[in-house]
Amino acid sequence: AKEAGRNRSIVFEPAMRTELERRVELLRDVRAAVAANEFTLFYQPVVDIRERRVVGFEALMRWIHPEQGVLTPGHFMAAFEDQELSLRLGDLAFEQSLRQMRAWLDQGVEFGRIAVNISAAQFRSGRLAEEVQERLARWNVPCARLTIEVTENVYMGWGSDLVSGNISRLHAAGVMIALDDFGTGYASLANLRQFPIDRLKIDKSFVQNAEDEAIVKAVITLGASMGMKVVAEGVEDPDQLAALIRYGCDQIQGYHFGKPMPAEEVAGFLERFGA
Ligand code: C2E
Ligand code: CA
Ligand code: CA
Ligand code: CA
């Protein structure tokens, strides 16, 4: 047994150390990249099915890497799990999206609402609602232009006043609240009633898996019965779209209508879409 234990440690240690080293290296690179302004937001359209118009965009973080090009969050997930970095990226997302909204408002670009993703760490200060309202005021952007997307786990994991209080204050101010990745986390149905949720987002893993049809239908029915609009994410083809329309889904986000794009392409996209 001792022999096996020693062998195991010989086999696994280098691999573990490599993973840890990679993580440390990634976090260091991300820190430098934040300082070098290499992070930016791309915007993906959300389309209202019945009105056939763009109702808004989700702001999604991208790292414009000098050598590797445009990197999606999958390449730097560890940064969102790091307390300090996720706060800095969260800050950056609010600041950039608000500056962008201000610019679009000034240019008369009808972007609808912009949805910003929030991570758990951003609730730690206990003042998220006030911070967001201060920023909105500073950029002179109406609260009604902003949606915040919170995952079930952030919602439920903190449960307490810290999250629900801040969410409620934002909602009362007119910021729209979307529950992200619905069905993939730990939310219980009873909890849904306790929070002011305006939108349920069905995760793309359900939308793209034909075997999950019953789940998708159930979420749409549930959302409708609770007065929430339901957004299906990850819609790539006309068949998925047709099925969602049949089930009575309200809004669609997916490559079928548009991939996440740089801010400069948004006005042109809206024109082509005929909004
Ligand atoms: P999410 O919030 O669930 O965002 C939706 C993801 O689905 C995005 O991935 C989007 O590009 C992708 N998507 C949308 N439509 C389609 C489609 O038709 N096909 C496929 N294959 N994918 C589609 P992305 O941009 O890679 O972001 C991944 C995740 O990273 C996001 O998932 C979100 O959890 C996180 N994230 C992105 N930006 C931020 C941010 O600013 N702050 C925080 N906290 N998290 C962020
Ligand atoms: Ca999201
Ligand atoms: Ca997510
Ligand atoms: Ca998702």
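Just so you know, ligand 1 is whichever comes first in the structure, and atom 1 is the first atom listed for that ligand. Atom set for the values below is all heavy atoms of this structure, side chains included, hydrogens, waters and symmetry mates excluded.
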Tell me whether [X] has any N or O atom under 3.5 angstrom from an N or O of ligand 1.
{"X": "His256", "result": "no"}
{"X": "Glu149", "result": "no"}
{"X": "Thr72", "result": "no"}
{"X": "Asp203", "result": "no"}

Any [X] heavy atom less than 4.0 Å to ligand 1:
{"X": "Gly234", "value": "yes"}
{"X": "Met77", "value": "yes"}
{"X": "Arg62", "value": "yes"}

For this session: Would you sort out whether Glu152 and Asp181 count as a side-chain contact (heavy atoms from CB on, under 4.5 Å), showing the intermediate values?
Result: CA-CA 7 Å; Glu152 288 181 302; Asp181 296 354; 5.7 Å; no
Location of contacts on [X] toward ligand 1, heavy atoms closer than 4.0 Å:
{"X": "Phe42", "value": "neither"}
{"X": "Pro260", "value": "side chain"}
{"X": "Lys201", "value": "neither"}
{"X": "Gln44", "value": "side chain"}
{"X": "Asp181", "value": "side chain"}

Can you name the N/O/S atom of [X] that is nearest the Ca ion (ligand 4)?
{"X": "Asp181", "answer": "OD1"}
{"X": "Asp203", "answer": "OD1"}
{"X": "Glu233", "answer": "OE2"}

Tell me whether [Y] is reachable from [X] by hopping between hydrophobic residues (I, L, V, M, F, W, Y) whose side-chain heavy atoms are closer than 4.5 Å.
{"X": "Phe57", "Y": "Val150", "answer": "yes"}
{"X": "Ile167", "Y": "Met176", "answer": "no"}
{"X": "Leu87", "Y": "Met61", "answer": "no"}

Between [atom1] on residue [X] and [atom2] on residue [Y], distance to nearest 0.5 Å:
{"X": "Leu162", "Y": "Leu128", "atom1": "CG", "atom2": "CG", "value": "9.0 Å"}
{"X": "Ile114", "Y": "Leu98", "atom1": "CD1", "atom2": "CG", "value": "10.0 Å"}
{"X": "Asp198", "Y": "Met228", "atom1": "CG", "atom2": "CE", "value": "8.5 Å"}

Exercise. Knowing that exactly one of Asp237, Asp239, Leu241, Val47 qualifies, which makes a side chain to side chain contact (heavy atoms under 4.5 Å, CB included) with His256?
Worked result: Leu241
Problem set entry | Candidate with minimal heavy-atom separation from atom 38 (N) of ligand 1, of Gln240, Met61, Gln208, Lys204 | Met61
For this session: Tell me which one of Val150, Leu41, Leu60 gets a heavy atom nearest to atom 4 (O) of ligand 1.
Result: Leu60
Problem set entry | Side-chain donor-acceptor pair present, Arg124, Gln83, cut-off under 3.5 Å | yes
Any atoms of ligand 1 less than 4.0 Å from a non-hydrogen atom of [X]? List them with their elements.
{"X": "Glu233", "result": "3 (O), 5 (C)"}
{"X": "Ser119", "result": "44 (N)"}
{"X": "Val235", "result": "18 (O)"}
{"X": "Glu236", "result": "17 (C), 18 (O), 19 (N), 20 (C), 21 (N)"}
{"X": "Gly254", "result": "15 (N), 18 (O)"}

For this session: Start with the C-alpha gap between Arg145 and Leu105, add the side-chain angles, then the distance that decides, and say whether side-chain contact (heavy atoms from CB on, under 4.5 Å) holds.
Result: CA-CA 10 Å; Arg145 290 290 188 166; Leu105 286 168; 3.6 Å; yes
For this session: Run the numbers on Glu149 and Val231 for side-chain contact (heavy atoms from CB on, under 4.5 Å), then give the verdict.
Result: CA-CA 12 Å; Glu149 298 199 356; Val231 188; over 6 Å; no
Problem set entry | Shortest-distance N/O/S atom, Glu149 versus the Ca ion (ligand 2) | OE1
Exercise. How is the N/O/S atom of Glu58 that comes nearest to the Ca ion (ligand 2) named?
Worked result: OE2
For this session: Would you name the heavy atoms of Pro260 and Phe42 that are closest together and state the gap between them?
Result: O-CD2, 3.6 Å
For this session: Considering non-hydrogen atoms only, spot the tightest contact between Tyr43 and Gln96 and give its length.
Result: OH-O, 4.1 Å
Exercise. Run the side-chain contact (heavy atoms from CB on, under 4.5 Å) check on Glu131 and Phe94 step by step: do they pass?
Worked result: CA-CA 10 Å; Glu131 286 163 11; Phe94 270 123; over 6 Å; no
For this session: Check whether any N, O or S atom of Asn117, backbone or side chain, sits closer than 3.0 Å to the Ca ion (ligand 2).
Result: yes
Exercise. Does Asp180 bring an N, O or S atom to within less than 3.0 Å of the Ca ion (ligand 4)?
Worked result: no
Exercise. Do side-chain atoms of Gln100 reach the backbone of Ala263 as a donor and acceptor pair under 3.5 angstrom?
Worked result: no
